[in-house]
Number of protein chains: 2
Amino acid sequence: MEAKEISKAVIKRLPRYYRYLGELIEENVERISSGDLSKKMHVTASQIRQDLNNFGGFGQQGYGYNVHYLYMEIGKILGLDTIHPMIIVGAGNLGQALANYSDFEKRGFRLVGIFDVNPVLEGISVRGIGIQMINTLPEFLKENPVEIAILTLPKHKAKEMANVLIKNGVKAIWNFAHIDLDAPEDVIVENVHLSESLMTLSYNLSQYRKEHVEEKKETEN
Amino acid sequence: MEAKEISKAVIKRLPRYYRYLGELIEENVERISSGDLSKKMHVTASQIRQDLNNFGGFGQQGYGYNVHYLYMEIGKILGLDTIHPMIIVGAGNLGQALANYSDFEKRGFRLVGIFDVNPVLEGISVRGIGIQMINTLPEFLKENPVEIAILTLPKHKAKEMANVLIKNGVKAIWNFAHIDLDAPEDVIVENVHLSESLMTLSYNLSQYRKEHVEEKKETEN
DNA sequence: TAGATTGTTAATCGATTAACAATC
DNA sequence: TAGATTGTTAATCGATTAACAATC
């Protein structure tokens, strides 16, 4: 049985399904059809059924999908049924903001350490976790199982520290630095490039304006 | 002359080209061919040429692309040649982290106000800008031109405030709240759903493990 | 001019949507 | 059983890659 590769596009949509299903649970909705869900989410029913069927038949003909069951199943697919020990590397504003993000904990992402290069920050406690100096990191990784490292260091330091993380067995890096890390293929890298997101917004803004300056031309047609 | 719609996929790649070109400028590289750039960026040369030709012929046969010229042109396409006045709505950890992000300023994104609902924060200054109470926002928007609002409020407050922003003429929302805003089509919304990004990482991590637990099966083939 | 490399058309590949038989 | 809705195959659409003539 070949492990059929699931496309990145599908995977990116899973968390959004998960979110909507969570909301439906809060509203005490017990079942939903792909048709109804598609209206809520502004996607096609076909896409929902195709996406889900990559992972198995979660629905039932004539009935639809059981909301709670589907929620749990997608949770499992996303790996939210296990605890993921996590460290933050870079305790600046963004690092600290993420440390304070209690939602992650709920989903099994457990913060176990915070590290920085700046001695001024040493010992300062964020959400009960003291900031440690980065030279203690290799030892820490030997003694504590860590799956995910959140990399919130400025870009000139990020590349170097990424290598330390990888060398010491971290299996995934959530990268907020504005660089492309070149990690071996057994290390997962997920990038959050905020400035690129803002530029995309800026593009759309500029584009919209251009189109509407040209509204006069439309009247000629 | 019809305004041919440019695909979202292309637009998302533009900031990355921009970033690599910026690096090339720092390395004093004057020109580059699509072939060489493709190796650096791990994409196909074909894609680079196709992408760029959506916006015009920036290169020259037999020569390649002038790095500085292309950098400037992509900057213009992304709207980085103009100033975008910007406010932050939600002065929690993330809001403050973004306020402290000096890189945005360099690209023309100028922070002109910070707002929150929490009276404890009133008057506290972040990067020289005092946090204001959110009820002063409509008046502020009347007196100050604001293009972009960064929405870093918890989700239950975010929807409501998004409506206030839209009603008062904000043209774009950079949304960090875990909800889908339904804005009119003349308001640009760019979402940064951090928890969804982390779930994608978690999926890839779990998936990788599953595949490598099954490595034993591979030996049977 | 000859060599290099673009701009662009054509071919391929993958993702989305539509359709419908299977089935609860 | 009849109606509803899935799971899945087939059709369409769009994006990526390959190829090459145009041209610097």
Side-chain angles (χ1 to χ4, degrees), chain A residues 1-17 20-21 24 29-74 77 200 203 207, chain B residues 1-17 20-21 24 29-74 77 200 203 207:
Chain A
M1 207 172 287
E2 288 292 317
K4 47 186 169 175
E5 195 63 44
I6 287 151
S7 91
K8 230 180 146 185
V10 173
I11 293 155
K12 284 258 190 75
R13 285 193 290 266
L14 287 181
R16 189 156 177 265
Y17 293 136
Y20 274 85
L21 290 164
L24 286 168
V29 177
E30 218 170 66
R31 53 180 261 208
I32 194 155
S33 67
S34 58
D36 288 350
L37 188 56
S38 79
K39 273 169 218 145
K40 254 184 146 22
M41 295 185 65
H42 303 286
V43 296
T44 65
S46 215
Q47 182 166 74
I48 293 174
R49 295 204 299 278
Q50 284 278 30
D51 283 355
L52 298 179
N53 273 91
N54 280 299
F55 303 98
F58 300 130
Q60 200 162 80
Q61 284 94 334
Y63 172 87
Y65 299 88
N66 178 285
V67 172
H68 187 260
Y69 174 70
L70 186 56
Y71 179 79
M72 295 305 283
E73 287 301 314
I74 294 179
I77 293 163
T200 303
Y203 170 85
Q207 199 52 32
Chain B
M1 210 171 287
E2 289 291 314
K4 47 186 168 176
E5 195 63 41
I6 287 151
S7 93
K8 231 180 144 182
V10 173
I11 293 156
K12 284 256 191 76
R13 285 194 290 267
L14 286 181
R16 189 156 177 265
Y17 292 135
Y20 274 85
L21 289 165
L24 286 170
V29 177
E30 217 170 69
R31 53 180 260 206
I32 194 156
S33 68
S34 57
D36 287 351
L37 188 56
S38 80
K39 273 170 219 145
K40 254 183 145 29
M41 296 184 64
H42 302 285
V43 296
T44 63
S46 218
Q47 182 166 75
I48 293 174
R49 294 203 300 277
Q50 283 278 29
D51 283 354
L52 297 179
N53 274 93
N54 280 298
F55 304 97
F58 299 130
Q60 199 163 80
Q61 284 94 333
Y63 171 88
Y65 299 88
N66 177 286
V67 173
H68 187 261
Y69 174 70
L70 186 56
Y71 179 79
M72 295 305 283
E73 286 302 311
I74 295 178
I77 292 164
T200 303
Y203 169 86
Q207 199 51 32

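By convention in this document, chain letters (A, B, ...) are assigned in the order of the sequence lines, proteins followed by strands, and residues within each chain are numbered from 1. Note that these values count all heavy atoms, side chains included, but never hydrogens, waters or copies made by symmetry. Keep in mind it's a predicted model, so treat the numbers as computed, not measured.
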Handout entry: Where at least one partner belongs to residues 45-67 of chain B, residue pairs that pass salt bridge (Lys or Arg N to Asp or Glu O under 4.0 Å), sequence neighbours excluded
Key =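 Passing the test, one end in residues 45-67 of chain B: R13(B)-D51(B).
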
Problem - All pairs passing salt bridge (Lys or Arg N to Asp or Glu O under 4.0 Å) where residues 53-67 of chain A contributes a residue, at least two apart - result: none

In whole Å, I'd like the distance from the [atom1] atom of [X] to the [atom2] atom of [N].
| X | N | atom1 | atom2 | value |
| --- | --- | --- | --- | --- |
| I32(A) | dA4(D) | CD1 | C1' | 15 Å |
| L37(B) | dT6(C) | CG | C1' | 14 Å |
| N54(B) | dT16(D) | CG | P | 10 Å |
| D36(B) | dA4(C) | CG | P | 12 Å |
| D51(A) | dT16(C) | CG | C1' | 10 Å |
| N53(B) | dT6(C) | CG | C1' | 8 Å |
| K8(B) | dT16(D) | NZ | C1' | 19 Å |
| I11(B) | dA15(D) | CD1 | C1' | 14 Å |

Exercise for the section: Identify, with sequence neighbours excluded, every residue that meets side chain to side chain contact (heavy atoms under 4.5 Å, CB included) alongside S7(A). Expected result: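 Per chain and number, S7(A) pairs via side chain to side chain contact (heavy atoms under 4.5 Å, CB included) with A9(A), V10(A).
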
Exercise for the section: Go through the structure and list residues passing ring-ring contact (aromatic ring centres under 6.0 Å, His included) with Y20(B), not counting sequence neighbours. Expected result: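 For Y20(B) there are no ring-ring contact (aromatic ring centres under 6.0 Å, His included) partners, ignoring immediate neighbours.
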
Problem - Stem list, DNA chain D (Watson-Crick or G-U pairing under 3.5 Å, at least 3 consecutive pairs) - result: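 The stems that DNA chain D takes part in, listed by first number, are C:3-24 with D:3-24.
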
Completion exercise
Smallest heavy-atom separation, S38(A) atom then A45(A) atom, equals CB-N, 3.4 Å

Show the atom names and distances, to 0.1 Å, of all donor-acceptor pairs under 3.5 Å that link a side chain in residues 56-66 of chain A to residues at least two apart or in another chain.
{"from": "N66(A)", "atom 1": "OD1", "to": "H68(A)", "atom 2": "N", "distance (Å)": "3.1"}
{"from": "N66(A)", "atom 1": "OD1", "to": "Y69(A)", "atom 2": "N", "distance (Å)": "2.8"}

Exercise for the section: Please state whether the phosphate of dT6(C), meaning OP1 or OP2, lies under 4.0 angstrom from any side-chain nitrogen or oxygen of S34(B). Expected result: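 Indeed, a polar side-chain atom of S34(B) lies that close.
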
Handout entry: More than 12 heavy atoms of other groups within 6.0 Å of M41(B) CE
Key = yes

Handout entry: K39(A): salt bridge (charged side-chain N to carboxylate O under 4.0 Å, His left out) partners, not counting sequence neighbours
Key =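 Partners of K39(A) under the salt bridge (charged side-chain N to carboxylate O under 4.0 Å, His left out) test: D36(A).
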
Completion exercise
By salt bridge (charged side-chain N to carboxylate O under 4.0 Å, His left out), R16(B) pairs with (sequence neighbours left out) D180(A)

Practice task
Mark up nucleotides 17-24 of chain C, 5' to 3', with B wherever a protein heavy atom is under 4.0 angstrom from a base atom, S wherever such an atom reaches only the sugar-phosphate, and - elsewhere.
Solution key: BBBB-BBB

